[in-house]
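Just below is one structure, and these are the notes that go with it.
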Amino acid sequence: MLEQILLIQFLRQYGKNLLDNLDFENYDWELLIRQARRANLLSRIAVFLQKGDFLEKIPEKPRLHFLNAIQLANANARSAKYEVQQIYKTLHAENIDFVLLKGAAYIWANTDSAQGRLFSDTDIMVSKMDLDAAENTLITKGWFGEIFDDYKQRYYREWMHEIPPLQHLQRQTTLDVHHTIIPPTSRLKPKPKKLWDHADALENMSGLFVLSPVDMILHSATHLFHEGEFNQGLRDISDLDLLLRQFIVPNNLWELLLVRAIELNLERPLYYALNYTQHILHTPIPDSYIAESAKLGNLNTLQTRFMNSLFLRALAPNHSSCKVSGLGIASWLLYVRSHWLRMPIHLLIPHLTRKSWMQFTGKSTR
Amino acid sequence: MCNFKFKSGELSVSLQTSMSTVKQHCELVYKHFPSPKETDFVDFHVSVNPVKGYRRWLRPQVQFSFDGYEPFAPLPIEQAPAFFEWGLNWCIANNTNQYLIIHAAIVEKNGYGVLLPGTPGSGKSTLCAALVCQGWRLLSDEMALLSITDGLIYPAPRPISLKNQSIQIIKQFSSEAVFGDIIPDTTKGNIAYMCAPKVSVISQMIPVVPAFIVFPHYRANSETKLTPLAKSRAFMTLAENAFNFNILGSVGFEVMADLIDKVECYDFSYPDLISALNGINDIVAKHEKE
């Protein structure tokens with residue numbers, strides 16, 4: 001199924017360093033561009049092609065789309081840097097330390113996963129102790145809450161790992177302020193202090209951190225496999241693939257990754273990350289470690305088979321040329337699962353009931 | 001389901017729609033446009049279709065999709081043809097950074113490209129439609145595509161969108177202009193699309209050298225007045241009217257500076273269409289004499 005998807009073939013070839021084998025004149029660039037754009041990976045593959053000096057070999061029409069995508073990525077990185085500088089100015093003045101997460105962290109730490117990475121929201125983490133002070137000082141500098149609904153306010157403040165999103169009044173940019181990486185009501189309970197203890201300080205920016213590379217991988221895995229939003233799933237798999245190849249593969253640090261997953265209680269997301277990056281993008285991960293992580297995650301064969309049938313559907317690009325049977329039901333099950341993982345049942349049932357009623361009456365959309 | 005393909009300048013479009021109103025719109029306004037060959041690269045795969053779901057019985061709506069991505073909320077079903085045009089504008093504005101894209105009408109006569117940047121109410125589209133009816137070549141009524149590599153403006157002709165009273169004004173001005181049906185009650189009021197003249201479509205692969213930038217201002221009961229505009233002012237105003245000035249970064253700055261350097265810039269206020277047309281024709285005629 002996945003083997004037939006051109007975008008996946010392309011990413012695998014890149015991973016094996018075999019892009020120069022492409023028939024640049026006759027390759028189906030149009031299909032590749034369509035699938036990649038839909039998966040939010042167009043800028044990334046454009047950067048891959050640029051790095052290998054292949055752009056000149058590509059016919060003009062598709063080449064223009066790649067150049068366009070590179071410009072978008074450059075503009076995105078530029079504004080992400082500016083945005084973080086503004087946040088830093090505001091929080092540093094109050095002596096509030098913070099950790100950059102996801103896209104903004106990749107850009108500032110200049111990881112391989114920053115290549116062609118597009119994102120619109122900036123995600124940061126402050127310690128729970130600083131949360132109120134951070135929110136108050138950000139509000140005085142122009143970041144305002146977008147959510148006024150009482151129920152949603154409570155939903156974020158009582159159950160979530162972040163406060164309701166803030167939006168900057170002038171720049172219209174969105175800022176998510178977290179105090180941990182996963183909702184406190186979840187079954188998994190990584191301790192934020194452990195993340196802080198390993199965080200890397202950024203040069204010349206005292207008080208500004210990124211997660212350690214290993215924690216970045218575990219966070220990316222947790223985010224993908226526990227949030228239930230798979231519309232950018234393949235992009236996230238590609239992030240994981242690039243992070244693993246940059247930080248773990250060269251020195252075979254698999255043992256370290258497993259140990260850290262145990263420390264943070266993130267064994268299951270790690271298993272999924274290792275299993276699906278290897279399966280989908282052929283990331284060079286020793287099978288023994290995948291088996292080990294499945295054991296640590298307490299998953300039996302039946303469970304992994306069932307999850308495979310869901311995830312492999314949801315992680316294909318959501319483009320008309322890659323439609324797989326059963327995607328609808330798989331997405332629905334994963335959506336329900338993400339809530340199941342996020343909240344205990346006595347919170348979950350009233351929450352989902354209310355959500356469906358709001359959608360049915362047209363008062364809100366998912 | 002019908003698949004409609006056409007080329008607007010350098011850009012190829014493939015539209016899927018099940019709606020007869022959209023099909024009729026395209027058959028009328030894109031009649032003279034060439035179709036890409038089966039093997040040609042298609043830049044934009046878009047679709048315009050009714051929204052499914054139980055609410056369609058109460059309030060039928062239409063959705064625009066750019067190859068599966070839906071950048072807008074659905075609109076009332078009557079607005080389907082306009083939704084296609086707006087959606088395609090969005091696709092071009094967000095995906096053609098080989099150009100600095102300026103929100104302006106661009107027309108050409110005797111090799112002189114005239115940019116008419118549009119603030120709402122300036123009369124840009126009306127003026128553009130009238131000039132085109134007089135034989136000026138239409139490159140675009142909405143987006144001037146200024147190449148970042150050669151500084152020329154590339155055509156992407158499309159039907160001209162006219163609003164409210166402008167529809168009647170242009171119908172009276174030219175008996176030859178061909179219009180689609182009026183689409184009532186859009187966010188921009190009533191709108192109708194005027195077909196691009198066949199000659200503009202035939203020459204749609206030929207770029208022009210920008211020669212003049214004229215900022216039109218419609219002011220009832222005023223005098224016609226053409227005032228040279230300081231280049232610094234023109235630069236700033238045009239930068240605010242460029243869709244992708246920020247995305248292009250320093251390249252956008254350089255390209256805009258080159259453009260402003262080589263053109264003449266004017267503010268132009270006019271009380272009615274005829275004096276506006278005379279004024280713009282005079283700018284070119286005067287330049288040709290010199």
Side-chain angles (χ1 to χ4, degrees), chain A residues 7 25-40 42-43 46 55 58-79 81-83 118 120 171-173 231-232 316-323 327-328 359-363 365-366, chain B residues 1 3 5 7 9-14 16 36-47 49 51-56 58-59 61 63 65-71 73-74 91-101 145 147-149 154 243-252 255:
Chain A
L7 174 60
E25 211 39 57
N26 302 307
Y27 194 77
D28 193 348
W29 296 111
E30 186 176 319
L31 185 62
L32 181 72
I33 288 169
R34 295 178 67 186
Q35 293 179 348
R37 182 180 276 132
R38 194 70 189 100
N40 206 2
L42 185 55
S43 294
L55 287 175
I58 299 172
E60 191 199 359
K61 294 285 175 195
R63 185 172 71 234
L64 287 172
H65 284 268
F66 289 125
L67 290 171
N68 183 71
I70 291 169
Q71 266 157 341
L72 287 180
N74 291 342
N76 196 208
R78 224 172 27 237
S79 77
K81 284 195 174 159
Y82 180 79
E83 205 56 41
L118 298 186
S120 49
R171 298 193 297 278
Q172 303 290 308
T173 46
N231 44 15
Q232 311 221 49
N318 186 11
H319 184 258
S320 52
S321 64
C322 323
K323 280 280 182 273
L327 176 65
Q359 274 170 38
F360 179 76
T361 54
K363 284 181 189 148
T365 47
R366 180 177 150 188
Chain B
M1 191 62 73
N3 184 4
K5 286 183 175 183
K7 284 174 96 155
E10 297 282 344
L11 307 169
S12 309
V13 179
S14 167
Q16 296 272 359
K37 288 196 290 274
E38 204 49 55
T39 51
D40 281 353
F41 184 88
V42 172
D43 291 281
F44 303 115
H45 291 262
V46 302
S47 72
N49 285 307
V51 177
K52 296 196 180 98
Y54 61 90
R55 272 202 285 170
R56 83 186 119 146
L58 299 171
R59 197 164 55 113
Q61 288 185 312
Q63 182 56 292
S65 153
F66 172 31
D67 214 359
Y69 177 64
E70 296 169 353
C91 291
I92 297 171
N94 285 284
N95 293 285
T96 57
N97 288 316
Q98 61 269 41
Y99 306 113
L100 176 63
I101 308 166
L145 306 177
S147 165
I148 61 172
T149 46
Y154 282 76
F243 291 104
N244 58 344
F245 190 68
N246 290 333
I247 300 230
L248 289 176
S250 58
V251 173
V255 173

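Residue numbering restarts at 1 for every chain, and letters A, B, ... go by the order of the sequence lines. Only this structure's heavy atoms are used, side chains among them; waters, hydrogens and symmetry mates stay out.
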A:I33, A:N318, A:L72: which one forms the most heavy-atom pairs within less than 4.5 Å of chain B?
A:L72
Kindly write out the residues that satisfy side chain to side chain donor-acceptor pair (under 3.5 Å) with B:S250, not counting sequence neighbours, or none if the list is empty.
none
Portion of B:T96 that has a non-hydrogen atom of chain A nearer than 4.5 angstrom:
backbone
In short, B:D67 meets A:S320 closest at the heavy-atom pair OD1-OG, 4.4 Å
Scanning both residues in full, the closest heavy-atom pair of A:L64 with B:Q98 reads CD1-NE2, 3.6 Å
Interface residue of largest heavy-atom contact number with chain A, from B:L248, B:N94, B:V251, B:V42, under 4.5 Å:
B:V42
Nearest heavy-atom neighbours spanning B:I247 and A:R78
O-NH2, 3.1 Å
Please work out which of the three classes, parallel, tilted or perpendicular, describes the rings of A:H65 and B:F41, given edges at 30° and 60°.
tilted
Heavy-atom distance under 4.5 Å to chain B: side chain of A:R38, backbone, both or neither?
side chain
Salt bridge (charged side-chain N to carboxylate O under 4.0 Å, His left out) with A:D28: which residues, sequence neighbours excluded?
none
Restricting to non-hydrogen atoms, name the atom on A:Q71 and the atom on B:I148 that form the minimum distance, rounded to 0.1 Å.
NE2-CD1, 3.8 Å
Interface moiety of B:N246 toward chain A, non-hydrogen atoms closer than 4.5 Å
backbone
Could you tell me which portion of B:D40 (side chain, backbone, both or neither) has an atom closer than 4.5 angstrom to a non-hydrogen atom of chain A?
backbone
Distance from A:R37 atom CZ to B:H45 atom NE2, nearest 0.5 Å?
9.5 Å
Mind checking the CZ-CZ spacing from A:R34 to B:F66? Nearest 0.5 Å is all I need.
9.5 Å
